[in-house]
Structure formats: structure tokens, C-alpha cells
Student: 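I am attaching a structure below and will ask some questions about it afterwards.
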Amino acid sequence: MAEVTEYVASLAEPERAVVAGLLDRARALVPDVEEGTSYGMAAYRYRGRPLVTVSVGPRGCTAYPFSSDVVAAVLATLDGFDATKGGIRFTADRPLPPEAFDALVTGRRAEIDAALDRTRG
């Protein structure tokens, strides 16, 4: 299945371009991601665990790294962005800065690697 690809294709512009661009960045940062779902959302998965998704809702877009710790760490570097415990909200008119999105993805990848490497050791 190509859940992420299908989800992005279902979006209207300008959100489609914003979401596609961010998800392309995620794939560039973590090339071995797989498309899947997590918490009912189309998401990239890494090593069998949810890595990141970007969804569109009535209040704009939200980037979810599936980690409240990663959200809190990245949110502390941003000014003026709304957030939930699990994601950071933004709009097509005021997109999430690329370095902030990169930090969400790489922070979550590091969490997954640490958790899985701990269980192997």
C-alpha cells in the first residue's frame, strides 16, 4: 500500500505542495522509511515504528513525530507556533521552518534507534 502517497494526492493546493515538500524532506533524511499508518493517519514508518506524518485539518497542517518529547524539544526553538502534546501546527501561509521539521524527523529517528538498539543489547 502507498498510504502516504495516496493521502498527499487527496489534498487540495496549497496544502498538497506544503505537505508533499515536507514528506519529501523526511524521505531524504531517512531514505529507508516505509509508507504505512499510525493512529489512523498515513505515516512514514522507520524500523517498524511510526516516524512522522503531516496531516491537514480545519485549522491548517500539523506535523506529528509521534513523540511528545521531540515536539517539546523542537517547539522550544520556535516562536509563535501552536502545538498539541503530539504535534506542531502551521499553515501554508506560515509553514514550519525546514530546520524545525528536520529536527522533528531526526529527533524521532534517534528515539527509535535508541529504543531498538537498547532491546538488542
Student: Quick one: CG on L22 to OG1 on T53, what's the gap to the nearest 0.5 Å?
Tutor: 10.5 Å

Student: Between OG1 of T37 and CD of E3, what distance do you get to the nearest 0.5 Å?
Tutor: 5.5 Å

Student: Could you report the tightest heavy-atom contact between A42 and Y7, atom names first, then the distance?
Tutor: CB-CB, 3.8 Å

Student: Hey, does L78 have a side-chain heavy atom less than 4.5 Å from the side chain of P97?
Tutor: yes

Student: Which atoms form the tightest heavy-atom contact between L104 and A63, and what is the distance?
Tutor: CD1-CB, 3.8 Å

Student: Examine distances only and state if a side-chain atom of S67 and a backbone atom of V70 form a donor-acceptor pair shorter than 3.5 Å.
Tutor: yes

Student: Show your working on side chain to side chain contact (heavy atoms under 4.5 Å, CB included) between I88 and L96 and close with a plain yes or no.
Tutor: CA-CA 8 Å; I88 299 175; L96 192 61; 3.8 Å; yes

Student: Could you tell me the separation between the OG1 atom of T106 and the CG atom of L29, rounded to the nearest 0.5 Å?
Tutor: 6.5 Å

Student: Is there a donor-acceptor pair closer than 3.5 Å between any side-chain N or O of R59 and the backbone N or O of F90?
Tutor: no

Student: Are F66 and V33 connected in the hydrophobic side-chain network, where two residues link if heavy atoms are under 4.5 Å apart?
Tutor: no

Student: Report yes if the side chains of T62 and V54 come closer than 4.5 Å at any heavy-atom pair, otherwise no.
Tutor: no

Student: Any donor and acceptor pair, going by atom type alone, linking the side chain of E35 with main-chain N or O of Y44 inside 3.5 Å?
Tutor: no

Student: Find the distance between CZ (R49) and CZ (R109) and round it off to the nearest 0.5 Å.
Tutor: 15.5 Å

Student: I'd like to know whether D102 forms a side chain to side chain contact (heavy atoms under 4.5 Å, CB included) with R25, so could you lay out the CA-CA distance, the side-chain angles of the two residues, the decisive distance to 0.1 Å, and finally the verdict.
Tutor: CA-CA 7 Å; D102 292 357; R25 288 183 73 83; 2.5 Å; yes

Student: Please identify each residue that fulfils side chain to side chain donor-acceptor pair (under 3.5 Å) with S38, with sequence neighbours left out.
Tutor: none

Student: If the condition is side chain to side chain donor-acceptor pair (under 3.5 Å), which residues does R89 pass it with, not counting sequence neighbours?
Tutor: D82

Student: Kindly say whether G36 contributes a backbone atom to a donor-acceptor pair with the side chain of R45 at under 3.5 angstrom?
Tutor: no

Student: Tell me the closest heavy-atom pair linking A100 and V74, and the distance in Å.
Tutor: O-CG1, 3.6 Å

Student: Out of curiosity, F81 CZ to R94 CZ, how far, rounded to the nearest 0.5 Å?
Tutor: 4.0 Å

Student: May I have the step-by-step check of salt bridge (charged side-chain N to carboxylate O under 4.0 Å, His left out) for D117 and R47, ending in yes or no?
Tutor: CA-CA 11 Å; D117 293 346; R47 296 180 70 182; 3.2 Å; yes

Student: At what distance, to the nearest 0.5 angstrom, does OH of Y39 lie from OH of Y64?
Tutor: 12.0 Å

Student: Is it true that a side-chain atom of E6 and a backbone atom of S10 form a donor plus acceptor pair closer than 3.5 Å?
Tutor: no

Student: Could you tell me which non-hydrogen atom of P50 sits nearest to which non-hydrogen atom of I112, and how far apart they are?
Tutor: O-CD1, 3.6 Å

Student: Should the pair D69-R108 be classified as a salt bridge under the 4.0 Å nitrogen-to-oxygen rule?
Tutor: no

